[in-house]
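Worksheet: one structure, shown below.
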Amino acid sequence: WVTLVVTDANGCQDTARLEVLVALMPVLPTAFTPNGDGENDVFIIRGGPFNATDFKIYNNWGQLIFHTNDAMVGWDGTFKGVEQPLGVYTWTFEVTIANGKVIRQSGDVTLLR
């Protein structure tokens, strides 16, 4: 909340109050390293908050290997519990931000081990 209090030359006062929502646009890194060192281990959409999320990862054969609707969940570099090999994977996401605007993007990420 932001509050503005104004006092004029005669001592009269007025107050205005407004709720300001700060949201960051969604961004994704170009690479990640799921090696268990606690740094850059999960490929996740940064930004937000998001009202809705649809995040998908595909391998180079076009097979869907990860999907989530939870903005707090990212891909750990596995598929069905098996570590996926070094390589480039494609992703798509659709997020809805606070003002109802829908943002759709796609790209690729390099998985490094």
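Reckoned from all heavy atoms, side chains included, excluding hydrogens, waters and symmetry mates.
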Taking the six-membered ring for Trp, are Phe50 and Phe55 ring centroids under 6.0 Å apart?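 Aromatic pair excluded; centres sit 6.0 Å or further apart.
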
For [X] and [Y], work out which heavy atoms get closest and say how close.
| X | Y | answer |
| --- | --- | --- |
| Val95 | Pro26 | CG2-CG, 3.7 Å |
| Ile44 | Ala71 | CD1-O, 3.8 Å |
| Ile65 | Phe79 | O-CD1, 3.2 Å |
| Leu86 | Leu111 | CD1-O, 3.1 Å |

Are any of the side-chain heavy atoms of [X] and [Y] separated by less than 4.5 Å?
| X | Y | answer |
| --- | --- | --- |
| Gln13 | Val5 | yes |
| Pro34 | Asp76 | no |
| Ile57 | Leu64 | no |
| His67 | Asp54 | yes |
| Met25 | Ile103 | yes |
| Trp1 | Leu18 | no |

Kindly write out the residues that satisfy side-chain hydrogen bond (donor to acceptor under 3.5 Å, both in side chains) with Arg104, not counting sequence neighbours, or none if the list is empty.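 Applying side-chain hydrogen bond (donor to acceptor under 3.5 Å, both in side chains) to Arg104 gives Glu94.
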
Nearest-0.5 Å distance that lies between atom CG in Asn40 and atom CG in Asn35: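 Asn40 CG to Asn35 CG: 8.5 Å, rounded to 0.5 Å.
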
Could you grab the distance from atom CZ of Phe32 to atom CZ of Arg113, nearest 0.5 Å is fine?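 Result: 7.0 Å between the selected atoms.
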
Please evaluate residues Thr92 and Tyr58 with respect to the criterion side-chain contact (heavy atoms from CB on, under 4.5 Å), reporting the C-alpha separation (whole Å), side-chain torsions for both, the decisive distance (0.1 Å), and the verdict. CA-CA 9 Å; Thr92 64; Tyr58 300 88; 4.1 Å; yes

Apply the test side-chain contact (heavy atoms from CB on, under 4.5 Å) to residues Thr110 and Phe43: give CA-CA distance (whole Å), side-chain angles for both, the deciding distance (0.1 Å), then the verdict. CA-CA 10 Å; Thr110 302; Phe43 183 60; over 6 Å; no

Just jot down the ring-ring contact (aromatic ring centres under 6.0 Å, His included) partners of Phe93, sequence neighbours excluded, or say none.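 Phe93: ring-ring contact (aromatic ring centres under 6.0 Å, His included) contacts with Trp91.
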
In chain order, what residues pass the ring-ring contact (aromatic ring centres under 6.0 Å, His included) check against Tyr89, with sequence neighbours excluded?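 In terms of ring-ring contact (aromatic ring centres under 6.0 Å, His included), with neighbours along the sequence ignored, Tyr89 is linked to Trp75.
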
Give a yes or no on whether the backbone of Val6 and the side-chain of Asp14 come within a donor-acceptor separation of less than 3.5 Å.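 Such a contact is absent between Asp14 side chain and Val6 backbone.
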
Hey, does the side chain of Arg46 reach the backbone of Pro29 with a donor-acceptor pair shorter than 3.5 angstrom?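 No, the answer is negative, given that no donor and acceptor are paired below the 3.5 Å cut-off.
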
Any side-chain donor paired with an acceptor under 3.5 Å for Thr78 and Glu83?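 No - no donor-acceptor pair under 3.5 Å links their side chains.
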
Under 6.0 Å from the CD atom of Gln63, do we count more than 12 heavy atoms belonging to anything else shown?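 Yes, because the 6.0 Å sphere around CD of Gln63 holds more than 12 heavy atoms from other groups.
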
In sequence, state the C-alpha distance, the side-chain angles, and the governing distance for Leu4 and Thr15, and then conclude on side-chain contact (heavy atoms from CB on, under 4.5 Å). CA-CA 6 Å; Leu4 174 65; Thr15 303; over 6 Å; no

Member of Asn69, Ile45, Asp70 meeting the side-chain contact (heavy atoms from CB on, under 4.5 Å) criterion with Thr53: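 The residue from Asn69, Ile45, Asp70 that satisfies side-chain contact (heavy atoms from CB on, under 4.5 Å) with Thr53 turns out to be Ile45.
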
